[in-house]
Protein chains: 2
Amino acid sequence: MPNKNKVLFIDDDDGLQIVVGDYLEDNGFEVIGAQNGEDAKKAVKENQDFNVILLDLTLPDTQGFALLPELTASGAPVIIISGKTDTTEKIVGLEMGADDYITKPFEMRELYARIKAVMRRVDKPADSVTDAPVEKKAQKKIEFKEFYMDPSQYQVFDANGESLDFTTGEYNLLEALASSPNHVLTREYLFDLTRDGKFDVYDRAIDIQVARIRKKLSPATGEKEVIKTVRGVGYMLSTDEMAA
Amino acid sequence: MPNKNKVLFIDDDDGLQIVVGDYLEDNGFEVIGAQNGEDAKKAVKENQDFNVILLDLTLPDTQGFALLPELTASGAPVIIISGKTDTTEKIVGLEMGADDYITKPFEMRELYARIKAVMRRVDKPADSVTDAPVEKKAQKKIEFKEFYMDPSQYQVFDANGESLDFTTGEYNLLEALASSPNHVLTREYLFDLTRDGKFDVYDRAIDIQVARIRKKLSPATGEKEVIKTVRGVGYMLSTDEMAA
DNA sequence: CGCGAATGTTTCATTTTTGAAAAAAAATGT
DNA sequence: ACATTTTTTTTCAAAAATGAAACATTCGCG
């Protein structure tokens with residue numbers, strides 16, 4: 001191996017810069033740090049040959065996302081680091097071309113593993129038979145509880161990977177709910193998200209659809225409703241996790 | 001009205017550019033068109049005062065979403081135009097800061113209506129009920145004593161993170177009290193804040209609701225009432241902290 | 001065009017939430 | 001301590017919101 005692998009680490013947190021930087025350097029990487037968008041852009045421009053780019057988008061809200069197009073354009077795989085568990089952010093990130101996604105706080109070992117993984121993926125784009133299992137690019141799957149949803153199939157699966165036979169409409173509604181777990185969403189909001197036309201306050205269509213979804217989920221969840229109703233407001237997909 | 005309202009229309013389809021452009025101009029807008037991401041960026045940069053930005057996600061160069069951060073940063077509301085009925089896309093778009101979403105094909109009248117709607121919303125941010133495709137912005141959690149209230153869940157939690165099973169009405173009232181801790185609030189004020197209609201001096205509804213709230217808080221607080229009664233005036237949520 | 005699946009509507013039952021009334025308790029002033 | 005006023009408590013019924021079932025309609029596809 002002639003040269004060390006080069007990592008661009010974009011994060012404005014000094015502490016993390018040091019911790020992550022040291023760790024990666026100890027493990028044979030050359031680490032270039034950037035504390036803000038400008039530095040990051042400059043770095044990619046001057047230095048085209050990064051093997052991996054780590055992008056923390058915790059801070060200036062959507063600012064981090066704006067960098068993504070330029071970063072991916074450099075050809076290097078991008079791993080997003082985020083503070084939120086938010087599913088949407090993950091999807092957006094992957095949708096915009098990031099290669100993987102890791103949530104803070106994370107173990108150094110895990111970060112290392114992911115860096116290795118994306119690099120491996122880039123090295124041999126057309127995977128042939130290898131001894132190492134070939135990881136796929138991170139999926140835009142949505143998960144909650146023991147279920148996961150596959151947008152490409154418009155389908156929901158239980159812990160055993162069994163399809164729950166959702167209709168497209170049911171899928172869409174559940175996805176809307178799952179995209180903001182532990183948030184009460186009004187019927188109107190759900191309506192707007194999942195169908196056209198104007199919402200009428202007395203419209204029970206959402207209720208019915210929720211009932212149908214509950215029925216399909218119930219074999220797996222038993223008594224506890226994953227979708228809680230909040231009287232006078234709307235519905236909420238609950239993961240029973242403590243809010244931070 | 002001194003100046004026309006300015007619209008930035010980002011779409012690579014020539015046909016649409018003409019149709020939409022003409023229609024909006026006929027209806028009193030000044031329309032600036034952009035056919036790709038670069039032009040769009042340039043337009044917002046040079047021209048900060050758009051009233052609305054229309055973004056078609058199916059662009060040639062940039063991933064449409066990638067533009068979103070920069071567009072919203074300009075302060076103008078963004079309406080996403082998309083060909084797909086895809087719910088995911090809607091969710092992601094709104095979550096990333098777009099203000100509304102419209103699916104192709106659409107009626108000109110509808111587009112017009114939505115433009116009007118988002119402009120209205122920008123003018124008076126307080127307007128919530130009328131038309132609201134956008135989920136309410138993340139509200140801040142309220143804390144007092146060992147409790148915390150999560151507006152997105154309409155729920156109160158104790159120190160252990162256990163839900164106290166508040167009803168929406170109870171939540172609202174407690175929120176009203178908690179938003180002005182150590183201030184006595186009159187029943188009338190609380191009434192106005194938490195429900196519609198006119199307050200009647202002999203109305204004991206607030207009292208009863210307060211009682212219910214106290215009961216739910218009492219397991220955690222014991223004897224000491226968090227909500228203090230101020231005879232002849234109203235109620236006060238006390239944090240026992242010295243006033244500044 | 002017709003069939004079946006998917007979804008919306010309507011209606012009625014059930015649950016939850018809330019306010020009213022009455023009575024007890026607490027505070028206030030004399 | 002007593003009378004008066006205000007607040008609390010309790011019970012209970014009304015109202016509001018939701019769930020469920022049955023039925024109607026729409027949609028997609030062969």
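A note on names: the letters A, B, ... follow the listed sequences, proteins ahead of strands, and every chain is numbered from 1. Worth knowing before you read on, the calculation uses all heavy atoms, side chains too, and leaves out hydrogens, waters and symmetry mates.
- Atoms CD (A:Gln209) and P (C:dG8) sit 6 Å apart, rounded to a whole Å.
- Atom C1' of nucleotide C:dT17 and atom CG of B:Leu173 are separated by 14 Å, given to the nearest angstrom.
- Counting only heavy atoms from C-beta on, B:Asp203 has its side chain closest to C:dA20 among C:dA20, D:dT8, C:dA6.
- The salt bridge (Lys or Arg N to Asp or Glu O under 4.0 Å) analysis of residues 192-209 of chain B, with sequence neighbours excluded, yields the pairs B:Arg187-B:Asp207, B:Arg204-B:Asp207.
- Judged by atom type and distance alone, B:Arg231 reaches the base of D:dT6 through a side-chain donor-acceptor pair under 3.5 Å.
- We find that CZ of B:Arg187 is positioned 10 Å from P of D:dT6, with the value rounded to whole Å.
- Among the atoms of the strands shown, none is found under 4.0 Å from any heavy atom of A:Tyr202.
- Residue contacts shown for A:Val230 are limited to sugar-phosphate atoms, with no base heavy atom under 4.0 Å away.
- For A:Arg204, the side-chain atoms get nearest to C:dT10 when compared with the rest of D:dT7, D:dT8, C:dT10.
- No engagement by B:Phe166 is indicated, since no non-hydrogen atom pair under 4.0 Å with the nucleic acid exists.
- Between atom CD of residue B:Gln209 and atom OH of residue B:Tyr235 there is a gap of 11.0 Å, rounded to the nearest 0.5 Å.
- Counting non-hydrogen atoms under 4.0 angstrom, B:Arg212 reaches a base of the nucleic acid.
- Ranked by how close their nearest DNA chain C nucleotide is to the 5' end, A:Ile208 and A:Lys216 are led by A:Lys216.
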